[in-house]
Asker: 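Can you read through this structure? Questions will come right after.
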Amino acid sequence: MPRPTAAQFSYGSATVVFSALALLLLFRTESGIGVAAVGTVALLLGLLVALALPARTRTARPATAPTAARTHRTIEDIEIAAARREHIGEHSLHR
């Protein structure tokens, strides 16, 4: 399971605090059961907000050939590459 980001922590925590305050002021509850219900709802809202934020994704690096394989070139490969470089500026109809 991936670790939560700092943004998920901060937005989730802020949601819990502000939603609990708003619910307590809105319902004006004084009983212990009411306060527990408000706290539970606030925690669920904070969890939903934290999970709704996109998680950090790691970008996959393109696979590259090992260095030894890239440096091993035959004479034919070098000659073909040199010939291609000569024709770079030319128009395709002149070939």
Side-chain angles (χ1 to χ4, degrees):
M1 183 172 165
R3 291 184 163 184
T5 62
Q8 288 174 320
F9 273 126
S10 61
Y11 281 117
S13 299
T15 301
V16 169
V17 170
F18 289 122
S19 63
L21 182 64
L23 289 172
L24 286 172
L25 291 174
L26 181 68
F27 292 119
R28 295 185 185 172
T29 184
E30 295 177 4
S31 67
I33 294 173
V35 172
V38 165
T40 304
V41 170
L43 284 173
L44 289 174
L45 283 173
L47 182 64
L48 286 174
V49 167
L51 292 177
L53 287 176
R56 170 179 44 209
T57 58
R58 295 182 184 208
T59 57
R61 293 183 182 172
T64 58
T67 306
R70 281 188 278 139
T71 57
H72 179 72
R73 297 172 66 182
T74 61
I75 294 175
E76 291 86 17
D77 292 337
I78 295 171
E79 290 174 353
I80 291 171
R84 285 183 183 163
R85 275 185 289 221
E86 290 175 5
H87 296 293
I88 287 178
E90 295 180 6
H91 193 275
S92 63
L93 294 177
H94 293 169
R95 288 187 182 175

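For clarity, every value in this text was computed on a predicted model and none was experimentally measured. All residue numbers in this chain count up from 1 along the given sequence.
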Asker: Under 4.5 Å between side-chain heavy atoms, hopping through other hydrophobics if needed: is there a path connecting Val49 to Val17?
Answerer: no

Asker: State plainly whether one hydrophobic cluster holds both Leu24 and Phe27, where clusters connect Ile, Leu, Val, Met, Phe, Trp and Tyr through side-chain heavy atoms under 4.5 angstrom apart.
Answerer: yes

Asker: Once rounded to the nearest 0.5 Å, what's the spacing between atom OG1 of Thr74 and atom CD1 of Ile80?
Answerer: 7.0 Å

Asker: Do other residues, nucleotides or ligands put more than 12 heavy atoms under 6.0 Å from the CG atom of Leu26?
Answerer: yes

Asker: Report, as yes or no, whether the 6.0 Å neighbourhood of atom CD1 on Ile78 holds more than 12 heavy atoms from other residues, nucleotides or ligands.
Answerer: yes

Asker: Closer than 3.5 angstrom, by distance alone: can the side chain of Ser13 be matched with the main-chain N or O of Ser10 as a donor-acceptor pair?
Answerer: no

Asker: Do you reckon Val38 sits in the same ILVMFWY cluster as Leu43, going by side-chain contacts under 4.5 Å, direct or chained?
Answerer: no

Asker: Closest heavy-atom contact between Tyr11 and Leu53?
Answerer: CD1-CD1, 3.3 Å

Asker: Are the side chain of Gln8 and the backbone of Thr5 linked by a donor-acceptor contact shorter than 3.5 Å?
Answerer: yes

Asker: For residues Leu45 and Ser19, report the shortest heavy-atom separation together with the two atoms involved.
Answerer: CD1-CB, 3.9 Å

